[in-house]
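What you see below is based on every heavy atom in this structure, not just the backbone, and it leaves out hydrogens, waters and symmetry mates. Per chain, numbering begins at 1; letters A, B, ... match sequence-line order.
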Amino acid sequence: MEEQQRYFSRELLRWYLDNRRDLPWRRQHNAYYTWVSEIMLQQTRVSTVIPYFERFITKFPTPTALADAPEEEVLKAWEGLGYYSRARNLQAGAREVKEKYAGVVPNDKAAVASLKGVGPYTTGAIMSIAFNRSEPAVDGNVMRVLSRYFRLHDDIAKPATRVHIEHIARDLIPDGHASDFNQAIMELGALVCTPKSPACLLCPVMEHCAGRLAGEETLLPIKTKAKPPKPELRYAALIEGTGVNKGKLLMRQRPESGLLARMWEMPHILVPKQMSVAGLPDAEAQDMLRGALHQEGLAVLPMERFMDAEHTFSHIHWQMRVFRCSIAEDAAVPEGYAFIGPNDREEYAFPNLFVRLLDAYFGEQEV
DNA sequence: AATACGGGGAA
DNA sequence: TTCCCAGTATT
């Protein structure tokens, strides 16, 4: 092994012992905590995850507790965290651990890798962090740190690059220190070797960092840009209940799979692209909304514009125009719809966009 | 190999 | 605004 590599592993480990953050999932050694935290941390910042992790572990302290919980409760605990299939996959994994491994996360790479929602990174993270096994755990941090340190010009957006860097990372793990080393390299990426302006002068391995020595620390890593989100115009119906449903809004549950699976939303329609370019007059928009909802067995009458709202997902940009609608007190409500009041909100999981709309509506009612 | 899949924080 | 974050599943 080259001196540049031994130096990296030695100095990084030394640095980590002094700079390790005190995080909830590091307070005690528990493979389930490692698993839950790693799933939550996928594409999600540490500061965002911390409160979710605390609540989640309090509510579901063991794999068996998670396995036995109602699915809606798990989804509600995930509300606002995003990538909601993670919640369902995690619970599916917990059920498998309960059934096949007596509720204990197995110290077995193949078994862990086969759990739902656990890919190459998370497999390596669980095996190394929880069981101190010498497996690489290559995430965005690790690709950035190693791209800079070894001055790799491969496009980290390409799957083949992750595989390449996994081999490099595996060779760097000091015998018997996989857990600390893998956390150390990610910690360095999060605290020092940051994406925009890396703090090279604070870096424990700057002396032999090829990227920095070449003056390329801000050029690396190479990453092709993602394409911009596709714009979509949507018309939504804010349907106020009357009689026994006074003070409540009619909401519906999204399908089992796809975007925001099984979460609750305001009934709405996608406006065909041709008509959405210039937008429609309110009268025509309301007529389109009324007709589309009628097709679904919902007889409502759009009355006036309530508000506009926008939301950007990774790949779609929603521009939503919300119309206040009236509905007859004895009107039929199709399967999957429910009247939800301010006191019922804890029973249902909503995507961020509809949390904002509900806040706007119920906030207005209080005043 | 490309695309679907959320949301928020930092610069 | 832009980037991108302790990625995975599906196609």
Under a 4.0 Å heavy-atom cut-off, which of residues 132-144 of chain A touch DNA chain C?
-> Asp139(A), Gly140(A), Asn141(A), Arg144(A)
Using the C1' atom in both, what is the distance from dC3(C) to dG6(B), to the nearest Å?
-> 15 Å
Report which part of the nucleic acid Thr122(A) touches: base, sugar-phosphate, or nothing (heavy-atom distance under 4.0 Å, all strands).
-> sugar-phosphate
P gap between dT8(C) and dG8(B), integer Å | 22 Å
Spacing of the C1' atoms in dA6(C) and dT3(B) (rounded, Å) | 22 Å
What about Tyr121(A), does its side chain sit under 3.5 Å from the base of dG7(C) through a donor-acceptor pair?
-> no
So, for Tyr149(A) and Phe8(A), is the gap between ring centers shorter than 6.0 Å?
-> yes
Residue whose closest nucleotide on DNA chain B lies nearer the 5' end, Lys158(A) versus Phe313(A) = Lys158(A)
So what does Leu23(A) hit on the nucleic acid, given a heavy-atom distance under 4.0 Å: a base, only sugar-phosphate, or nothing?
-> base
What residues form a side chain to side chain contact (heavy atoms under 4.5 Å, CB included) with Ala69(A), not counting sequence neighbours?
-> Phe60(A), Val74(A), Gln91(A)
Please state whether the base of dA1(B) and the side chain of Arg162(A) form at least one donor-acceptor pair under 3.5 Å?
-> no
Heavy atoms under 4.0 Å, any strand shown: does Ser85(A) hit a base, just sugar-phosphate, or nothing?
-> nothing
Distance-only donor-acceptor test, Ser314(A) side-chain atoms vs dG6(B) base atoms, 3.5 Å | yes
Any donor-acceptor pair under 3.5 Å between the side chain of Ser47(A) and the base of dG9(B)?
-> no
Of Asn89(A) and Lys196(A), the one whose closest DNA chain C nucleotide lies more 5' | Lys196(A)
